Amino acid sequence: MWFLIRAAFWLSIVFALLPWPDNSGFGSSPPAAIWSRTRDAIGAALGKARAAGEKVCTDSPLACLKAAAHLDQFAADKRADDGAHGAGAARQPPPPAGQLKAALSGPPPR
């Protein structure tokens, strides 16, 4: 095992010190075309994710609100772990399902 680790270490040093041709791509920044295609691919993926999220929220608003409540709770826990709220931060449970349904149905009928 140690032989493999030492061999990998020394081979990495040898490869780092070898002279490489200028057009090999090592140590140079990628061409602008690669950056633009990468940016386009990431933008398309984010657009599809946003559209899927919007479809889920329009099809089932209650599930969307529950997921948002869980996400909010996760963010609050993360802030508390990071110390943003101080040592005395209290965790608040997500609202009960009755409140979520009432929020979705709008104002109470008269």
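Because only heavy atoms are used, hydrogens play no part in the values below, and waters and symmetry mates are left out as well, while side chains stay in. Everything numeric here is computed off the predicted structure, so don't read it as measured data.
Note that CH2 of W35 and CZ of R39 are 8.5 Å apart. Values are rounded to the nearest 0.5 Å. Rounding to the nearest 0.5 Å gives a distance of 11.0 Å between OG of S60 and NZ of K55. To the nearest 0.5 angstrom, D72 atom CG is 11.5 Å from L65 atom CG. Atom SG of C57 is separated from atom CG of L62 by 11.0 Å, given to the nearest 0.5 angstrom.
Put simply, W10 and L18 are part of two different groups of oily side chains (I, L, V, M, F, W, Y) that touch within less than 4.5 Å, one to the next.
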